[in-house]
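First up is the structure itself, then whatever we jot down about it.
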Amino acid sequence: MCGIVGYIGPRDATAVILEGLTRLEYRGYDSAGIAVLDEGQIEIRRDSGKLERLKSLIQQCPLHGNIGIGHTRWATHGQPSARNAHPHLGSTGTITVVHNGIIENQLTIKEELSREGIRFNSDTDTEVIVHLVEKEFRQSGDLAEAFRKTILRLKGSHAVVMLSSEEPETLYTARIGHGGGIVLGKGEGEMFIASDIPAILSHTSDMIFLEPGQIAVVGKTGAELYTLSGKIVEERVHHVAWEAGSAEKGEYQHFMLKEIYEQPQVAVDTLSGRVDFSSTTVHLSDLDQSVENLDRYNRMVITACGTASHAGMVGKVLIENFARIPVEVDIASEFRYRDPIVDGNTIVLAISQSGETADTLAAMAEAKQRGALIWSIVNVVGSQAMRSAHGSLSMRAGPEIGVASTKAYLAPLLDLYLLGLWMGKQRGTLSEEKMKSAVLALRNIPELVASCLYQESNIRKVAKRLEQVSHCLYLGRGINMPTAYEGALKLKEISYIHAEAYPAGEMKHGPIALIDKDMPVIALVPRDPWYEKMLNQVQQVRARGGYLIVVATEGDDQIADIADEVIWVPETPWRLSPVTTVVPLQLLAYHTAVLRGADVDQPRNLAKSVTVE
């Protein structure tokens with residue numbers, strides 16, 4: 001949610017910032033703005049709507065300077081408008097800020113400042129920051145101290161960047177709480193600030209990630225990091241191995257389609273170096289150092305949000321099957337508010353594409369405080385969820401730009417499969433025969449994923465059937481029940497069709513009342529241990545006149561006689577079947593959204609990285 005870009009160096013700051021904001025459009029936003037120090041004066045351009053409006057405004061009224069900050073805003077306080085867009089300028093015209101997050105005590109601060117005669121020019125909570133800094137600066141004459149004291153006053157989770165004509169060679173930034181990530185990029189005689197890596201990846205691969213409770217004073221040649229108490233922090237530079245071109249759309253119409261087609265390579269990258277097919281073993285070196293005796297743990301909790309939670313539901317089946325340890329899946333936004341029962345004998349596994357999901361980070365912090373062993377599966381190396389865990393697995397999916405996650409769903413499915421095997425080996429719950437069979441099953445996975453993409457032309461025809469509908473029901477059982485949830489989520493996210501997923505065995509407990517010729521039912525019926533049960537359930541859909549779209553294993557004549565439409569997937573070992581069954585559902589959602597004229601990569605009201613509650 002929201003995007004931040006800052007720059008200081010020899011280049012034209014406006015061009016660098018606009019390029020960065022363009023690369024952050026996937027995060028979701030409804031207004032945009034930029035502030036540049038131009039011949040000693042802060043000049044601001046901002047407008048509601050897409051970045052093209054801001055770029056047009058800048059063409060009419062150019063900005064020139066070598067230091068500046070920019071922002072794309074996802075509205076929380078105050079409607080989307082030019083008035084509420086960031087950056088916000090203080091009363092003196094010498095200080096401006098951009099901000100991600102929600103200031104929970106903004107009403108108290110606003111009332112205090114209003115009593116002192118401060119007039120507010122927006123409806124946002126963010127504006128209190130710049131007025132507080134001005135107030136503190138008037139009292140102390142020390143801008144760094146004024147910024148620090150202001151940050152200390154704010155409640156909630158925040159990322160803030162400040163520019164001031166009082167110090168024309170410096171940018172200030174801070175990260176508070178679990179939301180609102182900030183990354184600093186180091187160049188040659190220039191520095192970059194961003195809320196996410198892709199914004200600055202074309203300029204540098206050397207990144208510094210701010211921890212919660214840290215402030216950075218950024219100049220052209222580097223940054224000084226401090227805690228909120230003023231203690232100096234040694235910087236840690238991470239080299240991000242992503243290629244800048246991997247964040248480009250290339251020949252594809254949308255990032256989402258590109259990322260769907262990248263999934264066979266994601267499978268290759270995920271398995272590379274972790275699976276030894278000759279010895280049929282799994283190596284997870286990133287976790288080896290995190291625990292000495294896995295047998296002491298008697299329970300596991302997987303916590304995540306959205307798509308990541310669906311991956312966690314598949315992981316529950318896999319880890320219980322391989323490692324014989326009870327696993328719960330807990331929605332991260334609920335976890336810490338329920339006085340969760342976790343202790344030193346519990347493993348808590350957090351899954352997050354960005355590694356900066358506010359609710360997931362808060363769940364991790366709560367579990368760590370209670371003594372649990374914390375693991376994470378994340379896509380962004382160096383992210384907070386990776387740094388704060390005792391051990392972590394990288395998804396190896398590369399940059400994911402489309403808001404509706406695809407390859408960052410498939411990658412953790414394989415990560416969780418490998419984790420289950422690794423834990424089973426550690427705990428002694430896997431026989432050599434079962435281990436060998438499970439490892440060798442991975443050998444053909446990239447090819448099987450690729451073969452699912454050959455169904456695209458057929459899926460495009462099926463999507464025509466969904467183009468005008470208002471509701472869909474998704475059904476799945478066992479290890480593919482979460483696939484139904486994920487398929488429904490994809491459809492509602494990007495096509496705005498109401499889609500509901502149910503465990504197929506629960507259909508008779510309510511959803512069957514909705515079935516008629518006008519509501520398509522999408523059912524997952526691969527040849528797996530739940531196949532016969534699913535056949536019975538789709539027969540009941542057919543008996544009630546429902547329009548039946550089925551994802552089924554190639555060559556299944558029985559299902560071909562029942563379904564109105566069949567999308568074929570290759571025969572896949574049942575524990576790995578969610579890796580193949582999800583691909584056609586991703587393509588189905590994509591083509592339905594395209595037919596309906598929806599903005600596939602930037603669906604309304606959604607953000608790629610949810611950094612506020």
Side-chain angles (χ1 to χ4, degrees), residues 252-271 307-308 310-311 313-314 353 395-398 400 402 404-417 441-442 444-463 466 472 474-476 479-491 493-495 499 501 522-528 549-556 559 563 565-594 600:
Y252 292 92
Q253 184 181 357
H254 296 98
F255 277 111
M256 182 179 178
L257 186 61
K258 173 179 180 278
E259 288 156 4
I260 290 171
Y261 269 81
E262 287 175 341
Q263 289 179 120
Q265 186 60 48
V266 169
V268 172
D269 294 341
T270 300
L271 302 178
T307 285
H310 299 155
M313 292 163 70
V314 176
Q353 188 283 137
M395 289 185 193
R396 298 183 179 179
E400 187 177 68
S405 185
T406 52
K407 62 179 181 175
Y409 177 74
L410 183 139
L413 294 182
L414 292 173
D415 290 327
L416 288 159
Y417 187 94
L442 290 163
N444 297 323
I445 282 299
E447 182 182 343
L448 294 176
V449 173
S451 72
C452 295
L453 301 172
Y454 302 153
Q455 284 284 308
E456 187 178 8
S457 60
N458 178 41
I459 291 169
R460 195 180 290 114
K461 295 175 185 175
V462 177
L466 301 186
C472 280
Y474 284 68
L475 299 175
I479 202 166
N480 275 295
M481 182 190 74
T483 312
Y485 281 87
E486 179 60 14
L489 177 61
K490 286 292 150 295
L491 191 70
E493 280 181 317
I494 61 172
S495 74
I522 296 96
L524 292 145
V525 196
R527 287 196 178 275
D528 62 17
I549 300 167
V550 173
V551 176
T553 304
E554 291 172 346
D556 186 345
I559 206 69
E565 304 281 358
V566 181
I567 303 172
W568 301 110
V569 291
E571 186 168 353
T572 307
W574 73 264
R575 295 179 187 87
L576 286 164
S577 62
V579 176
T580 52
T581 54
V582 74
V583 177
L585 298 187
Q586 295 168 346
L587 285 169
L588 183 61
Y590 170 80
H591 283 294
T592 303
V594 170
V600 172

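This chain uses plain numbering: 1 for the first residue, then up along the sequence.
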Are side-chain heavy atoms of His310 and Val314 found at a separation under 4.5 Å? no
Where the side chain of Glu400 meets the backbone of Ala408, is there a donor-acceptor pair that is under 3.5 Å apart? yes
List the atom of Ile494, the atom of Ala589, and the distance in Å for their closest heavy-atom pair. CD1-O, 3.4 Å
Do Asn458 side-chain atoms and Glu565 backbone N/O form a donor-acceptor pair below 3.5 Å? no
Should Tyr474 and Leu524 count as side-chain neighbours, where that means a heavy-atom distance under 4.5 Å? no
With rounding to the nearest 0.5 angstrom, report the OG1 to CD distance, Thr270 to Gln265. 9.5 Å
Flag the pair Val569 / Val583 as yes when at least one side-chain heavy-atom distance between them is below 4.5 Å, and no otherwise. no
If you look at every heavy atom in Ala311 and Leu413, which pair is closest and at what distance? CA-CD2, 3.9 Å
Working for side chain to side chain contact (heavy atoms under 4.5 Å, CB included), residues Leu576 and Leu414: CA-CA 8 Å; Leu576 286 164; Leu414 292 173; 4.0 Å; yes
Side chain to side chain contact (heavy atoms under 4.5 Å, CB included) for Cys472 and Leu466? Distances and angles first, verdict last. CA-CA 8 Å; Cys472 280; Leu466 301 186; 3.9 Å; yes
Indicate the atoms forming the closest heavy-atom contact of Pro570 with Ser451, along with that distance. CG-OG, 3.1 Å
Looking only at heavy atoms, the pair that brings Ala397 and Ala411 closest together is CB-CB, 4.3 Å
Does any donor atom in the side chain of Asn480 or Thr581 lie under 3.5 Å from an acceptor atom in the other side chain? yes
Roughly how far, to the nearest 0.5 Å, is OG1 of Thr592 from CG of Leu491? 5.5 Å
Of Lys490, His254, Glu456, Arg460, the one forming a side chain to side chain donor-acceptor pair (under 3.5 Å) with Tyr590 is His254
Heavy-atom closest pair, residues Ile567 and Pro584: CG2-CB, 3.5 Å
Which of parallel (below 30°), tilted (30 to 60°) and perpendicular (above 60°) describes Tyr252 and Tyr261? tilted
Looking at Gln263, Glu259, Glu262, which one forms a side chain to side chain donor-acceptor pair (under 3.5 Å) with Lys407? Glu262
In short, Ala499 meets Ala488 closest at the heavy-atom pair CB-O, 3.5 Å
Is there a side-chain contact between Val600 and Val594 in this structure, where contact means two heavy atoms from C-beta onward sitting under 4.5 Å apart? yes
Working to the nearest 0.5 Å, report the span between OG1 of Thr580 and CD of Gln455. 11.5 Å
Using side-chain heavy atoms (C-beta onward) and a distance below 4.5 Å, is Ile445 in contact with Thr572? yes
Check the surroundings of atom CD in Glu554: do more than 12 heavy atoms from other residues, nucleotides or ligands lie under 6.0 Å from it? yes
With a 4.5 Å limit on heavy-atom distance, are the side chains of Ile559 and Trp568 in contact? yes
Quick check for you: to the nearest 0.5 Å, what is the distance between Thr483 atom OG1 and Leu585 atom CG? 7.5 Å
Say you draw a straight line from OG of Ser577 to CG of Leu448; how long is it, rounded to the nearest 0.5 Å? 11.0 Å
Quick check for you: to the nearest 0.5 Å, what is the distance between Glu486 atom CD and Ser405 atom OG? 7.0 Å
Can you find a heavy atom in the side chain of Met481 that is under 4.5 Å from one in the side chain of Met313? yes
